[in-house]
Amino acid sequence: MRINIIGGGPAGLYFAILMKKADPKRQITIYERNGPDDTFGWGVVFSGKTLANLRAADEESHAAITNQFEAWDNVDIVHRDDKISIHGNSFSGIARLQLLKILQHRAEQLGVEVVFRTEIADVETLRSQCDLLVAADGVNSGVRSRYAEQLQPSLDVRAHRYIWYGTNQLFHGLTLTFRENEDGVFAAHSYKFNKTTSTFIVECDPETSRRANLEAKSDEETRRYIAKVFERDLAGHPLLSNNSKWINFVLVKNANWFFENLILLGDALHTAHFSIGSGTKLAMEDAIALAECFQTTSDVTKVLSKFTEVRRPVIEDYQAAAFESMVWFENAAKYASLAPIELAFSAMMRSGRVSYEDLKKRAPEFIERYEAATGFHR
Ligand SMILES: Cc1cc2nc3c(=O)[nH]c(=O)nc-3n(C[C@H](O)[C@H](O)[C@H](O)COP(=O)(O)OP(=O)(O)OC[C@H]3O[C@@H](n4cnc5c(N)ncnc54)[C@H](O)[C@@H]3O)c2cc1C
């Protein structure tokens, strides 16, 4: 079986690893436009459950990944200088570059051909040369546009603005920080992903962005402005840019996930707002699900239908929870008028997937504080 993959991100690399491991006779080539050390972004996050899935799928790469991890079990919510810790949320972080290096190494060790610095423009030729073409080419997927008529994508560009930074200030837990200045309300999502660095994502609504004149600011001016907004949280550490730019979150869905021998995977197929977890997790779990469908048959049409059947409800459910979470952050300015404990409670319940009883079991001291402050009991 011959498999061509466009995109050497987590989705493409992990799918190649699992397919080659299951059957070394498969000929698998990944085409990646970047070099092996080029990347964007900072740290990626996995939950305890995702890690268990990664271990079951490939122990070798799981061991290498967890070896590099920074782990925590708390969500910290900071509002008006009050930091509220909610325990019982097991997560780990790793640098995106580190993760890609581990997956690249594992893929090459298994005999996958990874062709770097090669941008695929002629998708149709590549598709005609293989049994299966995997489009793992990311959120701005060119393949998805090329086959838009067949795949029928929908792209919902949200009005909120966000930017990915790094910082050497260490946030020991998934930290959600709300700060307000004369321009409006800013929310930061931060977490450490190695011994020296944290991811620091900042978002704000379009009115705040306009009042702060963010579009007109240079990279350095923007970092100085945002560092001032979060000066009490960054403790003097600057924000680190990695070609960081203000972007709008794009909610990607596709009516059809495949066309003949072509399948979309990872961000090309779907996105979920970063406030509920990482797209990396979904990309790698897509790869696991698709590889599993090849365990019973190599009939590509049957496999792609089966993959769509088993994976679509999982993704739809996740996207629905992520949508609630995204809308909550889009309304952060409204919640900023709440007292810290009320805002923290609202933030923890935002996806609609955590029940009061769950939270009480996982974080009893948090619920005790909430009940004492609000008089609410259940
Ligand atoms: C600016 C930005 C920063 C981010 N930072 C983080 C972060 O710090 N932490 C986090 O958890 N998530 C981050 N994300 C989200 C995360 O990257 C994705 O959710 C996740 O990587 C999805 O994996 P993927 O394999 O589907 O796509 P990607 O990781 O995007 O991989 C797609 C790959 O395809 C390649 N490609 C695209 N077109 C072609 C072509 N025609 N020919 C050859 N190669 C091609 C690209 O170069 C890329 O390497 C970030 C996203 C963006 C946009």
With a 4.5 Å cut-off on side-chain heavy atoms, are Val185 and Tyr335 touching? no
With heavy-atom distances below 4.5 Å as the criterion, would you say the side chains of Leu304 and Leu132 are in contact? yes
Okay, side chain of Gln104, backbone of Pro36: is any donor-acceptor separation there less than 3.5 Å? yes
Kindly compute the distance separating SG (Cys293) from CD1 (Ile288), expressed to the nearest 0.5 Å. 12.0 Å
Could you check whether any side-chain heavy atom of Leu264 comes within less than 4.5 Å of a side-chain heavy atom of Arg144, counting everything from C-beta outward? yes
Return yes if a side-chain donor-acceptor contact under 3.5 Å exists between Asn194 and Thr197, otherwise no. yes
Mutual orientation of the aromatic rings belonging to Phe69 and Phe46 [parallel < 30°, tilted 30-60°, perpendicular > 60°]: tilted
Considering all heavy atoms, the nearest Met349-Ser355 contact: CE-C, 4.0 Å
Determine, for Glu221 against Arg224, whether the closest basic-nitrogen to carboxylate-oxygen distance falls under 4.0 angstrom. no
Do Lys101 and Leu97 come close enough that some side-chain heavy atom pair is under 4.5 Å? yes
Flag the pair His273 / Phe249 as yes when their ring centroid distance falls below 6.0 Å, and as no otherwise. yes
On a heavy-atom basis, which atom in Gly8 and which in Glu32 lie closest, and how many Å separate them? N-OE1, 2.7 Å
Is the centre of the Phe171 ring less than 6.0 Å from the centre of the Tyr191 ring? no
Between atom CG of Leu343 and atom CZ of Arg350, what is the distance when rounded to the nearest 0.5 Å? 10.5 Å
What's the spacing between Lys228 NZ and Ile226 CD1 if we round to 0.5 Å? 12.5 Å
Ring geometry between Phe178 and Phe329 (parallel below 30°, tilted from 30 to 60°, perpendicular above 60°): parallel
Less than 3.5 Å apart, any donor N or O on the side chain of His172 or Glu70 sitting next to an acceptor on the other? no
Using the rule ring pair (Phe, Tyr, Trp, His ring centres under 6.0 Å), only one of Tyr162, Phe230, Phe193 pairs with Phe200; which is it? Phe230
Kindly give the heavy-atom pair with the smallest separation between Ala22 and Arg26, and that separation in Å. CB-NH1, 3.7 Å
Any donor and acceptor pair, going by atom type alone, linking the side chain of Lys21 with main-chain N or O of Ala57 inside 3.5 Å? yes
Quick check against the 3.5 Å criterion: does Thr271 have a side-chain atom that pairs as donor or acceptor with the backbone of Val250? yes
Report yes or no: does Asp137 contribute a side-chain atom to a donor-acceptor pair with the main-chain N or O of Val143 at less than 3.5 Å? yes
Are any non-hydrogen side-chain atoms of Ile367 and Tyr356 less than 4.5 angstrom apart? yes
Under a plain distance cut-off of 3.5 Å, with no hydrogens placed, do Asp73 and His87 share a side-chain donor-acceptor pair? yes
Can you name the closest pair of heavy atoms from Val303 and Thr297 and give their distance? CG2-O, 3.4 Å
Determine yes or no for a side-chain-to-main-chain donor-acceptor pair under 3.5 angstrom, with Thr66 supplying the side chain and His62 the backbone. yes
Same cluster or not: Trp72 versus Leu54, using hydrophobic residues (I, L, V, M, F, W, Y) connected whenever any side-chain heavy atoms lie under 4.5 Å apart? no
Look only at the side chain of Asp76 and the backbone of Gly173, and say whether a donor-acceptor pair between them is shorter than 3.5 Å. no
With sequence neighbours left out, what residues match Glu324 under side-chain contact (heavy atoms from CB on, under 4.5 Å)? none
Closer than 4.0 angstrom, basic N to acidic O: yes or no for Asp82 and Arg80? no
Taking only Lys NZ, Arg NE, NH1 and NH2, and the carboxylate oxygens of Asp or Glu, determine whether Arg158 and Glu330 approach each other closer than 4.0 Å. yes
Check whether Asp286 reaches the backbone of Gly266 with its side chain - one donor and one acceptor, N or O, closer than 3.5 Å. yes
Does a side-chain heavy-atom distance below 4.5 Å link Glu215 with Ser209? yes
Quick one, Glu285 with Lys281, criterion salt bridge (charged side-chain N to carboxylate O under 4.0 Å, His left out). Give me CA distance, side-chain angles, the key distance, then yes/no. CA-CA 6 Å; Glu285 289 177 346; Lys281 158 216 155 69; 3.1 Å; yes
Taking Asn181 for its side chain and Asp183 for its backbone only, find out whether a donor-acceptor pair lies under 3.5 Å. yes
Would you say Met326 ends up clustered with Phe186 if hydrophobic residues are merged whenever their side chains have heavy atoms under 4.5 Å apart, either directly or through other cluster members? no
Tell me, do Val75 and Met348 make a side-chain contact under 4.5 Å, heavy atoms counted? yes
Might you confirm whether atom NZ of Lys253 has over 12 heavy atoms from other residues, nucleotides or ligands at distances under 6.0 Å? no
Looking at Arg127 and Glu124, is any side-chain nitrogen of the basic one under 4.0 Å from a carboxylate oxygen of the acidic one? yes
salt_bridge(Asp131, Arg2) N-O dist < 4.0 Å: no
Is the number of heavy atoms from other residues, nucleotides or ligands under 6.0 Å of Glu59 CD greater than 12? no
Please list, chain by chain and in numerical order, all residues satisfying salt bridge (Lys or Arg N to Asp or Glu O under 4.0 Å) with Asp233, sequence neighbours excluded. Arg179
Could you tell me which non-hydrogen atom of Ala268 sits nearest to which non-hydrogen atom of Asn254, and how far apart they are? O-ND2, 3.4 Å
Charged N to carboxylate O under 4.0 angstrom, Arg117 versus Asp38? no
On a heavy-atom basis, which atom in Ala373 and which in Ile341 lie closest, and how many Å separate them? CB-CG2, 3.7 Å
Does atom NE2 of His237 have more than 12 heavy-atom neighbours, drawn from other residues, nucleotides or ligands, at distances under 6.0 Å? yes
Got a donor-acceptor contact below 3.5 angstrom from the Thr208 side chain to the Cys204 backbone? no
Is any side-chain N of the basic residue among Glu207 and Arg161 closer than 4.0 Å to the acidic one's carboxylate O? no
Would a 4.5 Å heavy-atom cut-off, applied to side chains only, mark Tyr165 and Asn242 as touching? no
Are the aromatic ring centres of Trp257 and Phe307 under 6.0 angstrom apart? yes
Applying the 4.5 Å side-chain criterion to the ILVMFWY set and letting contacts propagate, would Ile276 and Ile86 be lumped into a single cluster? no
Under 4.5 Å between side-chain heavy atoms, hopping through other hydrophobics if needed: is there a path connecting Met1 to Leu290? yes
Taking it one step at a time, do Asp317 and Arg353 satisfy salt bridge (charged side-chain N to carboxylate O under 4.0 Å, His left out)? CA-CA 10 Å; Asp317 195 42; Arg353 296 300 192 273; 3.2 Å; yes
Criterion side-chain hydrogen bond (donor to acceptor under 3.5 Å, both in side chains) on Ser190 and Ser198, from CA distance to verdict: CA-CA 6 Å; Ser190 53; Ser198 299; over 6 Å; no
Starting from Phe116, can I reach Leu99 by hopping between I/L/V/M/F/W/Y residues whose side chains sit under 4.5 Å apart? yes
Determine, for Asp219 against Arg223, whether the closest basic-nitrogen to carboxylate-oxygen distance falls under 4.0 angstrom. yes
Is it the case that atom CD in Glu357 sees more than 12 heavy atoms from other parts of the structure closer than 6.0 Å? yes
Side chains of Ser47 and Thr50, donor plus acceptor under 3.5 Å: yes
Donor-acceptor pair, Thr199 side chain versus Gly43 backbone, under 3.5 Å? yes
Would you compute the distance between atom CG of Leu269 and atom CG of Leu151 and round it to the nearest 0.5 angstrom? 9.0 Å
